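Everything below concerns the one structure shown next.
Computed from a prediction, not measured in an experiment: that's the story for all the values here. Proteins come first, then strands; the chains are lettered A, B, ... in the order of their sequence lines, and each starts at number 1.
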Protein chains: 2
Amino acid sequence: MTGIVVNGEVSNMTKPASKGKGIPAEARIRSRNEAKILHSAVQLFAAKGFDGTRLREIAEHCGLPRANLYYYFSSKEGIYTTLIEQLLARWDRAFEHIRADREPSRALEDYICAKLEYSRTHAVESRFFANEILRGGKFLTHRHRSHMQQITEQRAEVVRGWIRQGKLVAIDPYHLFIMLWSATQFYADYGFVAARTLDKQRLTRKDFATAAETIAETVLHGCCTADKPASCNDPAADSSRPDSR
Amino acid sequence: MTGIVVNGEVSNMTKPASKGKGIPAEARIRSRNEAKILHSAVQLFAAKGFDGTRLREIAEHCGLPRANLYYYFSSKEGIYTTLIEQLLARWDRAFEHIRADREPSRALEDYICAKLEYSRTHAVESRFFANEILRGGKFLTHRHRSHMQQITEQRAEVVRGWIRQGKLVAIDPYHLFIMLWSATQFYADYGFVAARTLDKQRLTRKDFATAAETIAETVLHGCCTADKPASCNDPAADSSRPDSR
DNA sequence: TGATTAGTTGACACTAATGTCAACTTCAGA
DNA sequence: TCTGAAGTTGACATTAGTGTCAACTAATCA
C-alpha cells in the first residue's frame, strides 16, 4: 500500500473542485481511482523505470481503461512526478532519529532499525526511488535537491556535535550517512540479490532482524566510544521513537 | 571504457567465421563495431534499463545506422545478454581478496578498496547491473544465479574460518558481505546522491579515498579482533594484491 | 424530474519501436 | 582485376506507444 495518497497532481484540466458543494462523505471516486493508478504505477515504474513503463501496463494493472488515466492525470509524466512528490515528502523522516539530545548509539541504532523496517515494508517505493537515481535524477527539481541537501546538512551538524562531545570517533558525517543509508537500502533495492545470497526465495522478517543486528553491532562498535547497543526489538529504548510506518 | 570486449554474442546468423582464411592482424571490423555497440549500449541500458532503451538511441550514440546493429546482434535482447555475460564473468573478481591465508583486516580492507575503485572507474557497468537487479534479474539465467551463490558460499566459509580462529567477532558472513557490497556499490549506483550529499557536482578521487577510509575504519574496527588497518594507498600491504582494473 | 457536473470509454491521429530485406559498397585474396 | 565474402544501409511491414476527442453513462442537487 502506498498509504495516504495526497492529491498532488497539478492538473491542467478545468476542474472547479470546490464550488461550494458538499463533499459526499462516501469514498470519493476521484481519490479512490487516483490511488489505484498511483499504486499500480509505482510498482511498474519501480521495476522498469519511467521510459520502460507503458501506460497500457499501468491501466491493465489497475483495471481501468487507458483513456481513463488521462482523466485523472495529464500525462505519464504527471503520474510519475506525483509519485516523486509523495516520496520526497517522506525524505525527512529517515533522519528524525538523528537528534542532538540523544545518545548516538541509541539514535543510530533506531535509525538503522527504522530504515530497515521501511525497506521491508516499502520495498517498492524504495526501488522506484533507486530507479530515478540511476537515471540521474532527471525528474528531481532544484527544490527537491536542495531540500535533501539541507536535511542532510542539519543532521551532519548533529553528528559533528557528538564528535565534539567525544561520543563518537572522528568520522566524516556524510560518509557515515552513506554507509548507513546504503546498507539498509540494499535490502530493498537489491532484495533479489540479498535473498539469493542468503539462499532463500524471499527475505523474511527474521532476515531483517539479523541484518539490523549485524549493521548495528558493526557500525556502532566501529564508531561509538560508548557501550554496545541493545536490540531493535528491545522496547526499553530511550525517549520517543517515531513510528516508521 | 568497457575494457577488453569478448565476442560473447551467440549469433543466429550463418557465419562461417573460420573458413581457413588467415585472420587479418589489423583491427577487425567486426570486433571493433561490436565493441562500439556494446560500449554505447551499456551506458544507455545503465540509465534507462532494457525496456526504456531504444535501439535507435544506441545506434545514434555509436554513430552506426540502426540496421547495421542487426548485422552484429540478432536483437536488442542479444546485445543485453552479451553485456550480462561480460559482467557476470567479473563477479568472481570482487571476492578474490577474501582468502583463508590472509589476515581478515588486510583482506577486507583490500576488498573495500578494490570494490570502491571499481565503483569509481566502472560506474556505468555497476549501474547497468543495478538496473537488471531492480527489474528482478529477469535476464539472469539459473546458471548465473547459482554461480553467484556458489562464489558467495565459498567466501562465506573463509569468513567462518576467521571467526573460528578468533580473528573476527561472531558475525553473519552474508550480512557482512552485504554491508561491504552495499557501501561500496553506493558510490557508483547512487553517485548522484552521494555527490549531492557531499555538496559537489561530481565525486573526486579524494572522495573515494575518504569513503574507503571511513568504511574500512568503521567496519574493521567493528568486527576485527586485531589491530586497525593501514590506508588503501599504503603500498606496504601484505602479499599479492590483484589489480582491480 | 430535469439540469449540471463528474466520470467512462472506444476510436482516432500521430509518432515511433522492432526487426527484415534486398540492393549496394568495401574488402581480401588469387 | 576479378570474385566471393563481409559489411552497409534506406526502405518497408508490422506492431505498439502517447495523447485527444466526442459521445456516452452515472451521480448530485435544486
Side-chain angles (χ1 to χ4, degrees), chain A residues 7 9-38 40-41 44-45 48-82 139, chain B residues 7 9 11-38 40-41 44-45 48-82:
Chain A
N7 187 340
E9 162 73 347
V10 184
S11 178
N12 55 6
M13 293 173 217
T14 47
K15 249 175 284 118
S18 57
K19 218 185 160 189
K21 297 195 175 183
I23 305 137
E26 229 208 329
R28 290 301 307 127
I29 295 173
R30 169 164 284 270
S31 73
R32 179 170 48 85
N33 279 349
E34 278 178 358
K36 255 195 202 174
I37 293 165
L38 292 173
S40 294
L44 288 156
F45 284 139
K48 322 217 285 177
F50 179 77
D51 297 295
T53 301
R54 311 292 115 152
L55 229 39
R56 182 182 46 76
E57 296 176 298
I58 299 176
E60 277 168 14
H61 190 276
C62 66
L64 293 172
R66 198 174 57 82
N68 203 357
L69 269 59
Y70 285 96
Y71 178 72
Y72 292 107
F73 294 92
S74 59
S75 64
K76 185 162 119 176
E77 193 170 322
I79 299 176
Y80 196 86
T81 52
T82 302
F139 283 98
Chain B
N7 186 340
E9 162 71 349
S11 179
N12 56 5
M13 293 175 216
T14 48
K15 247 177 282 116
S18 57
K19 218 184 160 191
K21 298 196 174 182
I23 304 138
E26 230 208 328
R28 289 298 311 124
I29 296 173
R30 168 164 285 268
S31 74
R32 179 170 47 84
N33 280 349
E34 278 177 357
K36 253 196 205 172
I37 294 165
L38 292 173
S40 294
L44 288 156
F45 284 138
K48 321 218 281 176
F50 179 77
D51 296 295
T53 302
R54 313 289 117 152
L55 228 40
R56 181 182 47 75
E57 295 175 298
I58 299 176
E60 277 168 13
H61 190 277
C62 67
L64 293 173
R66 199 175 55 81
N68 203 359
L69 269 58
Y70 285 95
Y71 178 72
Y72 292 108
F73 294 92
S74 58
S75 64
K76 185 162 118 177
E77 194 170 321
I79 299 176
Y80 195 85
T81 51
T82 302

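Here the side chain of Ile29(B) is nearest to one of dG19(C), dC27(C), dG7(C), namely dC27(C). The side chain of Ala67(A) approaches dA11(C) more closely than any other nucleotide in the set dA6(C), dA11(C), dT20(C). Side-chain proximity of Ser75(B) to dG19(D), dG19(C), dT8(C): nearest is dG19(C).
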Distances under 3.5 Å between nitrogen or oxygen atoms of protein and nucleotides 22-24 of chain C:
none

Restricting to nitrogen or oxygen on both sides, can you table the protein-nucleotides 13-17 of chain D pairs closer than 3.5 Å?
unit_1  : atom_1 : unit_2   : atom_2 : d
dG17(D) : OP1    : Arg56(A) : NH2    : 2.6
dG17(D) : OP2    : Arg56(A) : NE     : 2.6
dG17(D) : OP2    : Arg56(A) : NH2    : 3.3

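Distances shorter than 4.0 Å separate none of the side-chain N or O atoms of Asn68(A) from OP1 or OP2 on dG10(C). Between Tyr70(A) and dG19(D) there is a side-chain polar atom (N or O) within less than 4.0 angstrom of OP1 or OP2.
A salt bridge (charged side-chain N to carboxylate O under 4.0 Å, His left out) check over residues 63-82 of chain A, counting only residues at least two apart or in different chains, returns nothing.
Annotation: side-chain contact (heavy atoms from CB on, under 4.5 Å) contacts of Asn33(A) (sequence neighbours excluded): Ile29(A), Lys36(A), Leu64(A), Tyr72(A). Partners of Glu60(B) according to the side-chain contact (heavy atoms from CB on, under 4.5 Å) rule, which considers only residues two or more places apart in sequence or in another chain, are Arg56(B). Residues satisfying the side-chain hydrogen bond (donor to acceptor under 3.5 Å, both in side chains) test with Asn68(A), not counting sequence neighbours, are none.
At its two ends the helix from dT1(C)-dA30(D) to dA30(C)-dT1(D) runs along axes set 10° apart, each axis drawn from five pairs and the angle rounded to 10°.
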